[in-house]
Amino acid sequence: MKKIFKYILLGAVVIGSSSCKKYLDINTNPNSLTSATPALVLPQAIVGAASISVSFNTSLADFSGARANAGGFGGFGSIVTYDFGTGDYAGLWTSTYDNANDFEYIIKETESTSSEAYSTGIARIMKAFAFERLVNQYNDVPYSDALKGAASLQPKYDKGPDVYKACIVDLNKAIADITAAQALASTNKVSASADPMFKGDMNLWKKFANTVKLRMLIKMAGVSTLATEAKTAISGINTTIGFLTTDAIVNPSYIKTDRPNPVYNALGFTSSGTNTTTSRIPTKWIYSFYSGAKLSDNYRGAVIYRGFPSSIQNQLGDESTGVPAASSAGSAWITGNNATDVLGVVKGPTQGTPVLLATESNFLLAEAYARGYLTGNAETAFKEGIKQSFTYLYKTVANTVDPLKNVTADVDAYLTENIGSPLANFSLATTLEEKIEAIITQK
């Protein structure tokens, strides 16, 4: 009898423990998703890619010469010593792979369903875009053995050029698949709400893919061992698809209070109105392209820099007592306060996030034309690049040009003010070296 009672009691404990695990586990959040459909993953992955763009821009701004340390700050470490460790800029690595994994998931879930060709194509383009940026920053990266989860915990590194080539294959496939799907009535459209960059316009997605591919191939053409292959690939680009003539900007309806735009958050203010960039100010070098030392640019300078033409500046690495502190009114890259809708790079908390601007697209074309990779007028593309730069900087948070600004008139005035400089007036650049210097300067 005692044995029977013991087994009954043991059974009750087993059943009870099982019930507690199922019904009383306070560590399980019933509101937390354990899976998601591609339709839900795609928009947030595009938003994530845009946010990473901001991280790349701000993380590399010191090395590009765009900004320097402000007075009262020290300990900049590898920024000035170049003594890099494994932890330096690791966030760019992890966030990009996390983002690429989202696009890989979409590809795997949709590529076998022909009606989902648009979603597959977008994901394939954005995955290639993610790896292009990784190679640009790190060179050799895991690719062929990456994004496999537990199946590949120590993925091998692929050579940068090989990753580039694989990405170009993906871009070509995405363009071809989207084009084929556009002829089929059965293809499921991507709604505007599911596409925070191009609102479901697949022609713009193809232009975006073409532009990213051109950017990669121009870089490859500059490497002697890759030049012939790259030039052949450039000549084979389907130019009837075109390249970006409008800005690739992501805006999932940013809100100042709890979801502010990451550009605003990184270079302007926090949601509560705190200045986020007190340790950095513009460099004397970058400022020289606006102040008259190299070029005069009162138009763009006035909307980019706080206090222009007398903005606070420094030389990176100068930590002497004479270095000025950042303005208490706000960062050097926003001309208003935390509640304003202003022009420039940092416009306001609800602005869109740039991923690839039409100005860069035109300068890529100018370089391709100047080098003879494609047939076209380099000077026309160059001037259009300048115009598109003015256009973007003159836009408000609503992504429309301020009605008080005249882009064409200001571009003409800018070119006139720099009438003797080939860095602004392309016709004065007579050698290829001068032309490329002008293009890179304006880019």
Side-chain angles (χ1 to χ4, degrees), residues 37-50 53 99-133 143 147 163-218 233-252 352 354-358 360-361 364-365 368 374:
T37 64
L40 290 175
V41 174
L42 182 60
Q44 67 84 21
I46 295 173
V47 173
S53 294
N99 187 238
N101 195 61
D102 287 342
F103 292 119
E104 178 71 0
Y105 166 76
I106 296 167
I107 293 169
K108 288 181 176 179
E109 292 293 312
T110 61
E111 64 181 346
S112 61
T113 307
S114 60
S115 60
E116 297 298 329
Y118 288 169
S119 294
T120 310
I122 291 172
R124 208 180 294 279
I125 292 167
M126 291 305 293
K127 176 188 169 185
F129 179 69
F131 276 100
E132 182 228 3
R133 296 198 292 192
Y143 177 81
L147 310 182
V163 178
Y164 252 39
K165 292 175 186 179
C167 288
I168 290 170
V169 169
D170 268 349
L171 291 171
N172 287 334
K173 179 171 175 53
I175 292 171
D177 289 350
I178 291 171
T179 300
Q182 286 177 310
L184 302 175
S186 59
T187 304
N188 291 331
K189 302 293 189 293
V190 175
S191 66
S193 61
D195 177 6
M197 189 150 74
F198 292 129
K199 308 303 180 187
D201 188 328
M202 300 314 297
N203 287 326
L204 286 179
W205 274 108
K206 291 194 294 184
K207 291 177 188 291
F208 177 77
N210 240 14
T211 307
V212 173
K213 181 169 63 172
L214 179 63
R215 183 166 70 181
M216 297 172 76
L217 289 170
I218 286 177
I234 293 174
S235 65
I237 289 178
N238 184 352
T239 55
T240 58
I241 289 173
F243 303 89
L244 280 181
T245 57
T246 56
D247 299 325
I249 294 177
V250 169
N251 196 335
V355 174
L356 203 163
L357 295 176
E360 181 176 359
S361 176
L364 287 170
L365 286 171
L374 290 173

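- Taking the six-membered ring where the residue is Trp, the centroids of Phe129 and Phe103 are separated by 6.0 Å or more.
- Minimum interatomic distance between Leu42 and Ser119 (heavy atoms only, all atoms of both residues): CD2-OG, 4.3 Å.
- When only modelled atom types and interatomic distance are considered, Thr110 and Thr120 share a side-chain donor-acceptor pair under 3.5 Å.
- Closest approach of Ala49 to Met126, counting heavy atoms only: CB-CE, 3.5 Å.
- Between the side chain of Glu111 and the main chain of Lys108, no donor-acceptor pair closer than 3.5 Å is present.
- Between the side chains of Lys206 and Thr179, at least one donor-acceptor pair of N or O atoms lies under 3.5 Å.
- Proximity of a side-chain donor or acceptor of Asn210 to a complementary backbone N or O of Thr239 within less than 3.5 Å is not detected.
- Considering every non-hydrogen atom in both Ala358 and Asp247, the closest pair reads N-OD1, 2.9 Å.
- Across every non-hydrogen atom of Pro354 and Ser53, the tightest pair is O-CB, 3.8 Å.
- When all heavy atoms of Asn188 and Tyr118 are compared, the closest pair comes out as O-CD1, 3.4 Å.
- Between the CD1 atom of Ile122 and the CD1 atom of Ile178 there is a distance of 6.5 Å, given to the nearest 0.5 Å.
- Val190 is not listed as a side-chain neighbour of Trp205, based on a closest heavy-atom distance of 4.5 Å or more.
- Using a 4.5 Å heavy-atom threshold, the side chains of Lys213 and Asn172 count as touching.
- Nearest heavy-atom pair, Pro43 versus Ala194, reported as atom, atom and distance to 0.1 Å: CB-O, 3.5 Å.
- Counting only heavy atoms from C-beta outward, the side chains of Glu116 and Pro38 never approach each other to under 4.5 Å.
- Residues Ile125 and Val212 are not in side-chain contact: their nearest non-hydrogen atoms beyond the backbone lie 4.5 Å or more apart.
- Inter-residue side-chain proximity for Tyr105 and Val41 is flagged as met; some heavy-atom pair is nearer than 4.5 Å.
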